[in-house]
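Numbers here are sequence positions counted from 1. If you're wondering where the values come from, they're calculated on a predicted model, not measured in any experiment.
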Amino acid sequence: LLGIAATEVSLVLGDGTTDYISLTDGEGLLVVENERMAGRIAGTVGIQNLDSVSLEGSLSLEINDTGSEIDHTFEVGGVQESLVLDAGSYLRFAAEDATLEVAGQSLSGNFFFERVETTPTGDEAAETVLRIGGSNIAFFLGDDKGTAEDESDDVGVRLSDGSPGSSLALLVTPAGVAGEISGAASLRIPDILDTNATVSVSVNTMLDPVSETFPIADGDEQLALELSAGPYFRVDVENFNLTLLGQTLSGNFSFEEVRSAGPDGEQNTTDDEVVIKIGVSELNLFVGADAGTESTNDDVGIRISEGSAQLFVYPTRDEDGVANGGTGVAGFFSAGAAVYFEPGQGIGVDNVSVSINTSGEEINEEFDVGGETVSLVLPKGPYLKLELTALEIELLGQLLQADFSFESIVTDYGTDGVMGGSGTDADVYLTRISVDNLFLSLSAGGRDFVQARSPENDGASVLEFVEGD
């Protein structure tokens, strides 16, 4: 084993056309064993041409040409020095316990920057790019209510330091950064959601889609990036369930930070608020009476399958428009569905309007989503309602047309008086099916003999089912 003290070391790391990281006046230790070299060198490190990311922490140059883990202690000038390096073959800049800012999100952990080649595909040749890797990644996406040290009031997604298997792989180009983060995270919406799940995070700071494959984990694995145009920092959870007002929305969920206009109703002012946009794909939702079984053959109600939705998690306010510490979930979307008026007999419909408001206040908000303003106006809640207009049903050869709504509302919040809970704290929900604007046509031989309409302004006919949570 040969130890070498290195001084006045200089190095530039880039992709062959653009320089990203430079080292000058470097000093450190190198060891040579069996004609292989490893070492760590620190000095003046500069980061340039990386406008899409920023780093807080000390970078040092790490070299390992051995393929093995390095753990050596030796004496240099009468001083005991240690050299500990991960297994692999690499030349990279590394920073421990650092903070990386990317796509408006702050990440903490151990990060390294190294040059790799993309995998050639079709007629496209391999490219030399800069890769950012990481371990022990931690971040919080959402609203921490201004109490960063107290996680009990968090509204959002938290990936904690030391999360099992947490990792990061980002591809750096002159145009921006794209990549993925994975790990086990906690997801919390007070009184609505409090669980853990394995998440994957998609990052793209560029306005264009990304389709690249590049090596990770010392080149033993490949990461194939297929990302839509950005910019975004999006947390994805597959096969997830979210229960709102006694009804379960299941599918693939995504969580992103967006901004609401706040109490003054104007975007880009000092009272703008951080809210979470929840996207749902492959959405499944049933509202009605399921006879307490998993089978759909005894359902009476309405079922959405393979739909999509967009919901917002926002801070609730008092009568003066001041945030009161509460949290609500609201959204309005449409989807195809099947309506069951008798068990097992479904009628397909193309368009069902769905409105959700878990709070006890009216919603009149504007959200900035990807540079576009999304408005959401809903009446006072709480409710989850599905509505169909002018649905036509043929019964025994006769035509029935009406407006239908299927609604889940809370009738009793249990002994604790707040949404959610179990046992004596469990909420009681009412499923209400309403029929309005009824039209009936009785015919024979192609001729209408009787036509009847429900009286105007006479109110809807209502069928109610009371269910415990």
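- Taking CG from Leu285 and CG from Leu283, the interatomic distance works out to 6.0 Å, rounded to the nearest 0.5 Å.
- Evaluation of the side-chain contact (heavy atoms from CB on, under 4.5 Å) rule for Pro190 yields Val155, Arg188, Thr327 as partners, not counting sequence neighbours.
- When side chains are defined from C-beta on, Leu168 does not count as touching Val201, because their heavy atoms never get closer than 4.5 Å.
- Between Leu245 and Pro382, the shortest heavy-atom distance links the atoms CD2-CB, 3.8 Å.
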Side-chain polar contacts of residues 192-199 - donor-acceptor pairs under 3.5 angstrom, sequence neighbours left out - could you list them?
none

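- Separation of the Phe112 and Phe93 ring centroids does not fall under the 6.0 Å cut-off.
- Ring centroids of Phe233 and Phe139 are separated by less than 6.0 Å, placing the two rings close together.
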- request: Apply side-chain hydrogen bond (donor to acceptor under 3.5 Å, both in side chains) to the pair Ser182 and Ser167, showing each step before the final yes or no.
  value: CA-CA 5 Å; Ser182 61; Ser167 63; 3.1 Å; yes
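- Two residues are said to be in side-chain contact when any heavy atoms from C-beta on lie closer than 4.5 Å; Leu130 and Asp15 fail this criterion.
- Looking at Val53 and Glu101, their side chains never come closer than 4.5 Å, going by heavy atoms from C-beta outward.
- Glu362 and Lys380 are not joined by a salt bridge, as no carboxylate oxygen comes within less than 4.0 angstrom of a charged side-chain nitrogen.
- Side chains of Glu365 and Ser260 form a contact here, defined as non-hydrogen atoms less than 4.5 Å apart.
- Within the 4.5 Å cutoff, the side chain of Leu376 has heavy atoms near those of the Phe367 side chain.
- Of all heavy-atom pairs between Ala337 and Val352, the closest is CB-CG2, 3.5 Å.
- Checking side-chain atoms of Asp154 against main-chain N and O of Gly156 turns up no donor-acceptor pair under 3.5 Å.
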field: Stepwise side chain to side chain contact (heavy atoms under 4.5 Å, CB included) check, Leu391 with Gln401
entry: CA-CA 5 Å; Leu391 175 65; Gln401 183 186 80; over 6 Å; no
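- Ile276 places none of its side-chain heavy atoms less than 4.5 Å from the side chain of Glu256.
- Heavy-atom contacts from other residues, nucleotides or ligands closer than 6.0 Å to CD of Glu306 number more than 12.
- Screening residues 325-337 for salt bridge (Lys or Arg N to Asp or Glu O under 4.0 Å) gives no qualifying pairs among residues at least two apart or on separate chains.
- Considering only residues two or more places apart in sequence or on other chains, Phe240 meets the ring pair (Phe, Tyr, Trp, His ring centres under 6.0 Å) condition with Phe253.
- Side chain of Thr173 to main chain of Gly176: a donor-acceptor pair is present (N/O by atom type, distance under 3.5 Å, no hydrogens or angles).
- For Thr248 and Thr243, the side-chain atoms include at least one donor-acceptor pair closer than 3.5 Å.
- Here the side chain of Thr411 pairs no donor or acceptor atom with the backbone of Leu430 at under 3.5 angstrom.
- The shortest non-hydrogen separation linking Asp153 to Asp144 is OD1-O, 3.6 Å.
- Residues Ser359 and Thr316 approach most closely at CB-CG2, 3.9 Å, considering heavy atoms.
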- request: Test Ser405 against Glu387 for side-chain hydrogen bond (donor to acceptor under 3.5 Å, both in side chains), laying out the working first.
  value: CA-CA 4 Å; Ser405 71; Glu387 297 176 284; 5.5 Å; no
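- Distance alone, capped at 3.5 Å, places no donor-acceptor pair between the Asp436 side chain and the Phe404 backbone.
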message: Between Phe332 and Ile356, is the side chain to side chain contact (heavy atoms under 4.5 Å, CB included) condition met? List the steps.
response: CA-CA 6 Å; Phe332 180 84; Ile356 301 172; over 6 Å; no
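- Atom OG of residue Ser52 and atom CG of residue Leu170 lie 9.0 Å apart, to the nearest 0.5 angstrom.
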task: Could you walk me through whether Leu55 and Ile47 pass side chain to side chain contact (heavy atoms under 4.5 Å, CB included), step by step?
output: CA-CA 9 Å; Leu55 180 77; Ile47 298 179; 4.2 Å; yes
- request: Assess whether ring pair (Phe, Tyr, Trp, His ring centres under 6.0 Å) is satisfied between Phe113 and Tyr20, documenting all intermediate values.
  value: CA-CA 9 Å; Phe113 300 73; Tyr20 294 114; 9.3 Å; no
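- Put simply, the side chain of Asn357 never gets that close to the backbone of Tyr383: no donor and acceptor are under 3.5 Å apart.
- Side chain of Glu361 to backbone of Pro379: no donor-acceptor contact under 3.5 angstrom is found.
- Atoms CG and CG, from Leu388 and Asp403 in turn, are 8.5 Å apart once rounded to the nearest 0.5 Å.
- In terms of modelled atom types and a separation under 3.5 Å, the side chain of Glu257 and the main chain of Gly142 share a donor-acceptor contact.
- Side-chain N or O atoms of Asn110 include one that pairs as donor or acceptor with a backbone N or O of Asp97 at under 3.5 Å.
- For Phe286, the side-chain contact (heavy atoms from CB on, under 4.5 Å) test picks out Asp290, Asp299, Arg303, with sequence neighbours left out.
- Side-chain contact check for Asn241 versus Asn239: every heavy-atom pair is 4.5 Å or farther apart.
- The ring pair (Phe, Tyr, Trp, His ring centres under 6.0 Å) search around Phe406 returns none, not counting sequence neighbours.
- Looking at Thr415, its side chain does come within 3.5 Å of a backbone N or O of Thr424 through a donor-acceptor pair.
- Nearest heavy atoms, Phe140 versus Gln105: O-NE2, 2.5 Å.
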message: Run the side-chain hydrogen bond (donor to acceptor under 3.5 Å, both in side chains) test on Glu366 and Thr373 for me, step by step, so that the C-alpha distance in whole Å, both residues' side-chain angles and the decisive distance to 0.1 Å come before the verdict.
response: CA-CA 6 Å; Glu366 288 188 348; Thr373 299; 5.2 Å; no
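- The minimum heavy-atom distance between Gly414 and Asp427, with the atom names listed, is N-OD1, 4.3 Å.
- Using modelled atom types, one side-chain atom of Thr205 and one backbone atom of Val177 make a donor-acceptor pair closer than 3.5 Å.
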- request: Just do the side chain to side chain contact (heavy atoms under 4.5 Å, CB included) check on Tyr413 and Val428 with the steps written out, would you?
  value: CA-CA 7 Å; Tyr413 287 106; Val428 177; over 6 Å; no
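- Summarising the geometry, atom CD1 belonging to Ile21 is positioned 6.5 Å from atom CG belonging to Leu50; distances are rounded to the nearest 0.5 Å.
- Atom CG of Asp236 sits about 11.5 Å away from atom CD1 of Ile181, to the nearest 0.5 Å.
- Heavy atoms from other residues, nucleotides or ligands lying under 6.0 Å from CD of Glu226 number more than 12.
- Between Val329 and Tyr314, the closest side-chain pair of non-hydrogen atoms is not below 4.5 Å.
- Taking CD1 of Ile132 as the reference point, atom CZ of Phe111 lies at 8.5 Å (rounded to 0.5 Å).
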